[in-house]
2 protein chains.
Amino acid sequence: MSVRIDELDRKILGCLQVDASRSLDEIATEVGSSKTPVWNRIRKMREAGIITSQTVTLDAEALGFDACFYVLIRTSEHEQDWQKRFLEALNARPEVQEAHRLAGDIDYILKVRVPNARAYDAFYQALISEVKIHNVTALLSMEEIKSTTALPL
Amino acid sequence: MSVRIDELDRKILGCLQVDASRSLDEIATEVGSSKTPVWNRIRKMREAGIITSQTVTLDAEALGFDACFYVLIRTSEHEQDWQKRFLEALNARPEVQEAHRLAGDIDYILKVRVPNARAYDAFYQALISEVKIHNVTALLSMEEIKSTTALPL
DNA sequence: TCTGAAAGCCGATTCCT
DNA sequence: AGGAATCGGCTTTCAGA
């Protein structure tokens, strides 16, 4: 499934990751090419699903989302049905920004962004009432030191 | 520091979070307004720092980044100087996508995206050679269940 | 596959309500 | 402060090499 990407594609992606609002001309100049080829390559990478989407990133704190938790979850249930319901619960909750199934001792990790601790508790209570969870540890963020979605191409 | 945001602003941000490549006209129609006010509001929110940046999100696996780790870090050093060097080390390493300082038992959590386990080990060795770290636990992701940067406005 | 040019749409500004 | 109209520029397309 890994698509062929050459050096020029990589440079283009690098540019777009930094700032997707720049004009084709600017990008073309920076990567040492010209508009049309750059445009064609971007289109192809969009179609191939390499470029997933184009979004804005917002300042969470400025919008009143002052609390961020990483939640470590252990479960005793490992049946298909439980997993399906758990997954649906996560997808239905917009405060869950990330969810990964893990290898080892801890089964899942979530990143949860909420206005305050009370909102986290509401989320937590709602979650454990929907699906059975064996053990939960919440790690409260005091400070976001670094945050990027950029891949090190 | 929390800026005044009304219902219309919130709708606009919601639109942009979903797809920032849409035209002003489309957004204006969807939020029930027209181009000029929408444009002015977007500009203001950019200036206010509410809209931080505009980027593309890339498919990490399609680009060969098959491994994702959450790294839990305990340290015995809590001096200013140590913290400064640790922070610089994190910022210098592009494979670190997120870094948070935590409250409680565990001091820091990192999200690290790399091509494979070997690359993670290289990162890990480099990090502990630069700064003294008391205890490290790496959680290996088996599956990315959910991933979004969108805030639940 | 890249270059160059042409067409049409969109972002940005201005004026009017 | 929102709506309409305008202009310039950029995206997008299409020949041609």
Side-chain angles (χ1 to χ4, degrees), chain A residues 1-65 148-151 153, chain B residues 1-65 148-151 153:
Chain A
M1 215 280 153
S2 204
V3 192
R4 270 277 210 76
I5 294 291
D6 67 11
E7 197 49 44
L8 183 54
D9 290 322
R10 199 162 277 122
K11 279 188 194 168
I12 294 169
L13 291 177
C15 269
L16 290 176
Q17 278 192 143
V18 174
D19 183 358
S21 70
R22 296 165 66 194
S23 79
L24 266 184
D25 262 330
E26 282 181 291
I27 296 168
T29 311
E30 181 158 332
V31 302
S33 182
S34 62
K35 291 165 67 165
T36 315
V38 170
W39 190 82
N40 280 322
R41 282 157 181 268
I42 291 176
R43 191 174 50 78
K44 275 185 188 162
M45 290 193 283
R46 256 189 236 284
E47 284 167 8
I50 292 172
I51 299 174
T52 306
S53 64
Q54 186 166 336
T55 59
V56 292
T57 62
L58 306 179
D59 183 329
E61 294 194 8
L63 291 163
F65 290 86
T148 178
T149 56
L151 298 170
L153 303 169
Chain B
M1 214 278 153
S2 205
V3 193
R4 270 279 210 76
I5 295 291
D6 68 12
E7 197 49 43
L8 182 54
D9 290 322
R10 199 163 277 124
K11 279 189 193 171
I12 293 169
L13 292 178
C15 269
L16 291 175
Q17 278 193 144
V18 174
D19 183 359
S21 70
R22 295 165 69 194
S23 78
L24 266 184
D25 262 328
E26 282 182 292
I27 296 167
T29 311
E30 180 156 332
V31 302
S33 182
S34 64
K35 290 168 67 166
T36 315
V38 171
W39 189 81
N40 280 321
R41 281 156 182 267
I42 291 176
R43 189 174 50 76
K44 274 183 190 164
M45 290 192 285
R46 257 189 236 285
E47 284 165 9
I50 292 172
I51 298 175
T52 306
S53 64
Q54 187 166 336
T55 60
V56 293
T57 62
L58 306 179
D59 183 329
E61 294 195 7
L63 292 164
F65 290 85
T148 179
T149 56
L151 298 171
L153 304 168

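Worth saying up front: this structure is predicted, and the values here are computed from it rather than measured. Just so we're on the same page: letters track the sequence lines, and every chain starts at 1.
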**OP:** For each nucleotide in nucleotides 2-14 of chain D, reading 5' to 3', give B when a protein heavy atom comes within less than 4.0 Å of its base, S when such contact involves only the sugar-phosphate, and - otherwise.
**Re:** SBB------BBBB

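- For B/Glu26, there are no salt bridge (Lys or Arg N to Asp or Glu O under 4.0 Å) partners two or more places apart in sequence or in a different chain.
- A/Arg43 pairs by the salt bridge (Lys or Arg N to Asp or Glu O under 4.0 Å) definition with A/Glu47, not counting sequence neighbours.
- Scanning for salt bridge (Lys or Arg N to Asp or Glu O under 4.0 Å) contacts around A/Arg46 gives an empty result, with sequence neighbours left out.
- A side-chain donor from one of A/Thr57 and B/Ser53 sits under 3.5 Å from a side-chain acceptor of the other.
- Here the CD1-CD1 distance, from B/Ile12 to B/Ile50, works out to 11.0 Å after rounding to the nearest 0.5 Å.
- Terminal axes of the helix from C/dT1-D/dA17 to C/dT17-D/dA1 (five pairs each, C1' rotation axis) are separated by 20°, to the nearest 10°.
- Between B/Glu30 and B/Arg22 a salt bridge is recorded (basic side-chain N to carboxylate O distance below 4.0 Å).
- If you measure from atom CD of A/Glu26 to atom P of C/dG11, you get 16 Å, rounded to the nearest angstrom.
- With B/Met45 as the fixed residue, the side-chain contact (heavy atoms from CB on, under 4.5 Å) test singles out one of B/Ile51, B/Thr52, B/Asn40: B/Ile51.
- Shown here are the side-chain contact (heavy atoms from CB on, under 4.5 Å) partners of B/Ser21, two or more places apart in sequence or in another chain: A/Gln54, B/Asp19.
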